[in-house]
Amino acid sequence: MEYLFLALALGLALCFEFVNGFHDTANAVATVIYTHTLKPNIAVVWSGAWNLIGVLTSTGAVAFGIIALLPVELVINVGSSAGFAMVFALLISAIMWNLGTWYLGLPASSSHTLIGSIMGVGLANSMLSAGHVFGEGVNWSKAQEVFTSLLVSPIVGFTCAALLLILAKILIKRPELYRAPEDGKTPPVWIRALLILTCTGVSFAHGSNDGQKGMGLIMLILVGILPGMFALNLNTDAAAIAQLAATSNSAITVLQQQVSGTSLNNQSATDELSNFLKPISEANDKTFAALVAESRIIKDKLANKTSFQQLSKNELSSLRTDMYLVAGTITKLYKQEKLTDRTRQVLTTYKTQLDRVTKFIPNWVKFAVAIALGLGTMIGWKRIVVTVGEKIGKDHLTYAQGASAELVAMTTIGAADYFGLPVSTTHVLSSGVAGTMAANHSGLQMDTLRNLLLAWVLTLPICVLLGSATYAGGLYLVLNVLGLK
């Protein structure tokens, strides 16, 4: 049964990335296809290759930033019935909305879609789980960071692309750069080189940011179903394990200085940290006592171990939970400014070492995601390319406008990737095109902009509802029909 769930869940995760290719990846090839710089099949293969490079060189920060939005009890129990329902709900609701907006030719945001689905699952989980307060299933502080990046990035795209086009007109006196493409006619060689360069940059940046969202969900699936293989990085060497055990001991020493005699047993410590990681919780003496207890558990489990393969499947799963709770607690203590300078220094090293063994993504997962993105782009690119090239402005897109929008998009996405924030390639690029149209006095097609704005506004609430409904339905299915616990 578990392998059936694995196949279904991985298939859905790759389907999400495949449909993501219809939307976000199609934006990367929009200008080179529309301007006849590259033939569609060549453009898609070229873009796919750079998406792959972007995915392979990504840090994983965005992937695990998405996971941080999920309710903590579902993340640490992802192999349970509720965990399975969560994964299926996220993917099904996101795929449904992405397909619908693609069919209408609207460049909607896959990032927005997935985040709305995650919020829906969190809210439904808080409603359906005993002892929960409505709304506590959403990590609101992390959601605020994500919302800010999703809100600011289109404004940056519009403004910066407009300013870049104006600057280009001042500095580059080449009339051919500011002409719309002619049917069947390729642009001059230097313009083609410029547009291929910007397409390459957007594709790389998109792979390094958007591609990570699917990777994070795939890792969640693998950890839940095959913890013996994916709960921790089995390639961690003996020296790194010994170093982590030693750092755990150092963390215990400095944390005990902030504990006033309180002590907790193992289960109480796990429950305390799980509750602390809920959005409205504040740190207290019990939090530090629980952190000491969990760190001691980690130290003891690592004692005399030279490889994680020496641990059983259940031990690996349990150890991952301990590490996840400790790392998450340290992050939240930073934000609440509850740590002394000395404690912060030790815990920073501690969290870094914990992340190395829990936040890893195998190369085969990266390849699978990149291939799914590329295949999706090959099939679904045309609707989005036509919208970007012809339906945003009243005049057709010029070479300079396309290059300006893509230069801004690749820079914005790259910056967001550095800070571990998910942004929408769709929003940044389409708003950049709109900005160049405004700067060029080309006029804007208000019907298209109205539809884009409507899709932007409706994506979040609709995906929250879809995520909630599919989670509730999925939970009923696995509990009552499939009989899982």
Side-chain angles (χ1 to χ4, degrees), residues 6 10 55-68 72 75-79 208 211-212 214-255 266 269-270 273 277 291-331 334 345-369 420:
L6 177 63
L10 289 179
V55 168
L56 290 175
T57 57
S58 61
T59 62
V62 173
F64 295 104
I66 287 289
I67 299 302
V72 62
V75 174
I76 62 178
N77 296 304
V78 70
S208 69
Q212 292 192 53
M215 292 191 298
L217 291 176
I218 288 174
M219 289 309 299
L220 198 62
I221 293 164
L222 293 171
V223 168
I225 300 177
L226 299 174
M229 296 174 64
F230 297 102
L232 299 174
N233 188 351
L234 299 182
N235 293 323
T236 306
D237 60 30
I241 293 174
Q243 187 180 42
L244 178 54
T247 307
S248 299
N249 194 52
S250 299
I252 293 167
T253 301
V254 296
L255 285 166
N266 294 356
T270 299
L273 294 190
L277 289 178
L291 199 53
V292 168
E294 285 288 346
S295 297
R296 189 171 285 119
I297 292 169
I298 292 171
K299 183 193 75 170
D300 292 343
K301 287 180 178 178
L302 295 179
N304 302 317
K305 298 294 187 298
T306 57
S307 170
F308 287 133
Q309 294 178 357
Q310 294 173 278
L311 300 171
S312 69
K313 179 177 72 173
N314 290 336
E315 287 173 331
L316 284 167
S317 183
S318 173
L319 183 55
R320 179 187 174 83
T321 296
D322 297 328
M323 291 181 173
Y324 181 88
L325 291 173
V326 168
T329 299
I330 292 171
T331 299
Y334 286 164
Q345 183 181 1
V346 173
L347 293 189
T348 297
T349 303
Y350 190 22
K351 181 181 180 301
T352 299
Q353 292 176 5
L354 291 171
D355 287 345
R356 282 178 189 156
V357 298
T358 57
K359 295 183 177 181
F360 68 100
I361 301 173
N363 281 338
W364 70 265
V365 172
K366 296 182 177 183
F367 274 102
V369 166

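The first residue of the sequence shown is numbered 1, and numbering continues consecutively from there.
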Heavy-atom check, side chain of [X] versus side chain of [Y], under 4.5 Å:
{"X": "Phe308", "Y": "Ile241", "result": "yes"}
{"X": "Tyr350", "Y": "Leu255", "result": "no"}
{"X": "Ile218", "Y": "Phe230", "result": "no"}
{"X": "Leu354", "Y": "Tyr324", "result": "no"}
{"X": "Leu222", "Y": "Val365", "result": "yes"}

Closest non-hydrogen atom pair between [X] and [Y], with its separation:
{"X": "Leu6", "Y": "Ile221", "result": "CD1-CG2, 4.1 Å"}
{"X": "Ala251", "Y": "Leu347", "result": "CB-CD2, 3.8 Å"}
{"X": "Leu234", "Y": "Met229", "result": "CD1-O, 3.7 Å"}
{"X": "Ile252", "Y": "Ser295", "result": "CG1-CB, 3.7 Å"}
{"X": "Arg320", "Y": "Ala231", "result": "NH1-O, 2.7 Å"}
{"X": "Thr329", "Y": "Leu277", "result": "N-CD2, 3.6 Å"}

Rounded to the nearest 0.5 Å, how far apart are [atom1] of [X] and [atom2] of [Y]?
{"X": "Lys301", "Y": "Ser248", "atom1": "NZ", "atom2": "OG", "value": "12.0 Å"}
{"X": "Leu325", "Y": "Leu291", "atom1": "CG", "atom2": "CG", "value": "10.0 Å"}
{"X": "Asn314", "Y": "Leu319", "atom1": "CG", "atom2": "CG", "value": "12.5 Å"}
{"X": "Leu311", "Y": "Ser318", "atom1": "CG", "atom2": "OG", "value": "9.5 Å"}
{"X": "Ile298", "Y": "Asn249", "atom1": "CD1", "atom2": "CG", "value": "12.5 Å"}
{"X": "Thr236", "Y": "Phe360", "atom1": "OG1", "atom2": "CZ", "value": "8.0 Å"}

Take atom OH of Tyr334 as the centre, draw a 6.0 Å sphere, and report whether it contains more than 12 heavy atoms from other residues, nucleotides or ligands.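 Enclosed: over 12 neighbouring heavy atoms sit under 6.0 Å from OH of Tyr334.
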Kindly state each residue pair satisfying side-chain hydrogen bond (donor to acceptor under 3.5 Å, both in side chains) with at least one member in residues 355-368, sequence neighbours excluded.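 Applying side-chain hydrogen bond (donor to acceptor under 3.5 Å, both in side chains) to every pair that reaches into residues 355-368, excluding sequence neighbours, yields Lys351-Asp355.
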Would you check if the side chain of Ser317 reaches a backbone N or O of Lys313 as a donor-acceptor pair within less than 3.5 Å?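 Not confirmed, Ser317 side chain does not pair with Lys313 backbone.
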Using only atom types and a distance under 3.5 Å, with no angle test, would you say the side chain of Glu294 pairs donor to acceptor with the backbone of Met323? no
List the residues meeting salt bridge (Lys or Arg N to Asp or Glu O under 4.0 Å) with Lys299, not counting sequence neighbours, and say none if there are none. none
With sequence neighbours excluded, give me every salt bridge (charged side-chain N to carboxylate O under 4.0 Å, His left out) pair touching residues 215-238.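 Counting only pairs at least two positions apart or across chains, no salt bridge (charged side-chain N to carboxylate O under 4.0 Å, His left out) contact touches residues 215-238.
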